[in-house]
Number of protein chains: 2
Amino acid sequence: MDVGGKPAPKTRKTSWKKDPAAVKEDILEVATIAFAAHGLSGANINEIAAKTETSKRMIYYYFGDKEGLYCQVLERVYASLRSSEDKLNVAGLDPVAALRRLVHATFDAHSNAPHFIRLVMIENIHNADYLRKSEIVPQLNRSIIVKLEEVCARGKAAGQFREGANALQLHWLISAFSFYNVSNKATFSASFGGALFGRPAQEQLKAQVADMVLAAVVIGYDPVAWGADQSD
Amino acid sequence: MDVGGKPAPKTRKTSWKKDPAAVKEDILEVATIAFAAHGLSGANINEIAAKTETSKRMIYYYFGDKEGLYCQVLERVYASLRSSEDKLNVAGLDPVAALRRLVHATFDAHSNAPHFIRLVMIENIHNADYLRKSEIVPQLNRSIIVKLEEVCARGKAAGQFREGANALQLHWLISAFSFYNVSNKATFSASFGGALFGRPAQEQLKAQVADMVLAAVVIGYDPVAWGADQSD
DNA sequence: CATGAATTTAACCCACCGGTACATTTTCTT
DNA sequence: AAGAAAATGTACCGGTGGGTTAAATTCATG
């Protein structure tokens, strides 16, 4: 009955909010930070609840248990990163420029999404047990592959890309750089110093990485960034 | 009596062993697996103790507390990986071949050291707080940089490598591939399928990665592996 | 306003687990 | 043999923290 859906959820009458969506969002926001900081077993539900506008009981009311909360945090953060990737439009660009733009954007997106990185690290510690249960994540991830496939196809059609160029492998390559750069910053710095993680070094790294990817895919590409400054 | 120092550790008189080193090793071995599997907070001391030849009491006797145990596990696993790297001798090889060999070896070493990978991941979750306290790890890590520097120097002297080639950046590149390939296997497979993680695909990936690194560093290098099979 | 469903509060429970107390056994030294 | 020191066994503690119980409050609806 009544197709129009529920009455606009914004109408708060007197004292209470009765705004479940907002409460859930609040919990997810806090939980994201907590799980990203301490992991699944390391995060503390009481602490999470304390930083919330609501109470521990509500966490269990809406999410069932700790794992349920964790799963939704995971899905939310995946969706957020992929949506930031989707904003990128490379359809009009020359394939080489498009690919370079994609590499730069992925590198930056990872740099700017530390919560995502940490949660994926944590999920890998758990052998992706929770991610595998998700129905939305695999679908989310299609989009980046589609985008790369499209660029590859155009590059090959233009005779610029090698025939072996492969979207999945490309994504693996680009992700490896971009992910490791954030995920292993702590141990890498502890082992070798922080020289690579300052502003200029990161820009140079980004340019070099793009150059490497292009050199791998583009026929006769002549890398320029290695040892030189390069901007987009 | 007896010459050679302590009485051969095998001579058990009556009941006890009196072999603290072996007991510690046993504990570290079990703890490595446990911490790698569940993380610092996730691992359970009682469980670790149960899988040991000895008792929980001994863990605290030798390692003080959980964190003390974790730290020694971490150092042990770092030492193990680096020592496997040290076995590799590239001094006699042409710089290009030497670098390719180094990439391949690093890739394989990471593939074959899942415990190391997981513990480094876990340590990154903890912002390398424990690694930073270690005195031996930074020293261990010098050796790989030294080796790369030596190859770079030879490559430049021979006019084969770009002047911008830099050992630290190279190590970062090589590690990024090799590490990500193992660390993110679970989530990557969950997201995009396991196609890249079978035997042949891994070999191809390894060859392509080596090709990319070489293309970045070697003047006028013409990549061959992208899309073709290539062995070492 | 009565009713019942949705939402929220406060107090509580209790298993688990990191860590310890204390006694005891074995080995080493002399 | 004796005593010190190292190594080990056993039993226990107590707080932490995930999860629950039951009752109260709010809101939509008739």
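In the text below, chain A, chain B and the rest are named by the order of the sequence lines, each starting its count at 1.
If you check every strand for non-hydrogen atoms under 4.0 Å, A:F63 touches nothing.
Among residue pairs with one or both ends in residues 59-76 of chain A, those qualifying as salt bridge (charged side-chain N to carboxylate O under 4.0 Å, His left out) are A:E25-A:R76, A:E29-A:R76; sequence neighbours excluded. Residue pairs that meet the ring-ring contact (aromatic ring centres under 6.0 Å, His included) test with at least one member in residues 63-84 of chain B, sequence neighbours left out, are B:F35-B:Y70, B:Y70-B:Y130, B:Y78-B:F116.
Remark: A:R118 pairs with no residue by the side chain to side chain donor-acceptor pair (under 3.5 Å) rule, at least two apart or across chains. Applying the salt bridge (Lys or Arg N to Asp or Glu O under 4.0 Å) test to A:E47 and every residue at least two apart in sequence or in another chain returns nothing. With sequence neighbours excluded, the residues satisfying side chain to side chain donor-acceptor pair (under 3.5 Å) with B:R132 are B:D129. A:A105 meets the side-chain contact (heavy atoms from CB on, under 4.5 Å) test with A:L88; sequence neighbours excluded. Evaluation of the side-chain contact (heavy atoms from CB on, under 4.5 Å) rule for B:T52 yields B:D26, B:I27, B:V30, B:I48, B:T54 as partners, not counting sequence neighbours. Among residues two or more places apart in sequence or in another chain, the side chain to side chain donor-acceptor pair (under 3.5 Å) test is passed with B:S143 by B:D86. Not counting sequence neighbours, A:K51 has no partner by the side chain to side chain donor-acceptor pair (under 3.5 Å) test.
The pair B:K206-B:E203 counts as a salt bridge, with a side-chain nitrogen and a carboxylate oxygen less than 4.0 angstrom apart.
Distance B:E53 CD to D:dT8 P: 12 Å, rounded to the nearest Å. The separation between A:I48 atom CD1 and D:dG17 atom C1' is 12 Å, rounded to whole Å.
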Could I get a table of every N or O pair under 3.5 Å where one atom is in the protein and the other is in nucleotides 14-21 of chain C?
{"residue": "C:dC17", "atom": "OP1", "partner": "B:N44", "partner atom": "ND2", "Å": "3.2"}
{"residue": "C:dC17", "atom": "OP2", "partner": "B:N44", "partner atom": "ND2", "Å": "3.0"}
{"residue": "C:dC17", "atom": "O5'", "partner": "B:N44", "partner atom": "ND2", "Å": "3.0"}
{"residue": "C:dG18", "atom": "OP1", "partner": "B:A43", "partner atom": "O", "Å": "3.2"}
{"residue": "C:dG18", "atom": "OP1", "partner": "B:K66", "partner atom": "NZ", "Å": "3.2"}
{"residue": "C:dG18", "atom": "OP2", "partner": "B:N44", "partner atom": "OD1", "Å": "3.4"}
{"residue": "C:dG18", "atom": "OP2", "partner": "B:I45", "partner atom": "N", "Å": "2.8"}
{"residue": "C:dG18", "atom": "N7", "partner": "B:K56", "partner atom": "NZ", "Å": "3.4"}
{"residue": "C:dG19", "atom": "OP2", "partner": "B:Y60", "partner atom": "OH", "Å": "3.4"}
{"residue": "C:dG19", "atom": "OP2", "partner": "B:K66", "partner atom": "N", "Å": "3.0"}
{"residue": "C:dG19", "atom": "N7", "partner": "B:K56", "partner atom": "NZ", "Å": "3.0"}
{"residue": "C:dG19", "atom": "O6", "partner": "B:K56", "partner atom": "NZ", "Å": "2.5"}
{"residue": "C:dA21", "atom": "N6", "partner": "B:R57", "partner atom": "NE", "Å": "3.3"}

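Inter-axis angle, ends of the helix from C:dC1-D:dG30 to C:dT30-D:dA1, five pairs per end, rounded to 10 degrees: 10°.
A heavy-atom distance below 4.0 Å to DNA chain C is reached by none of the residues of residues 28-35 of chain B.
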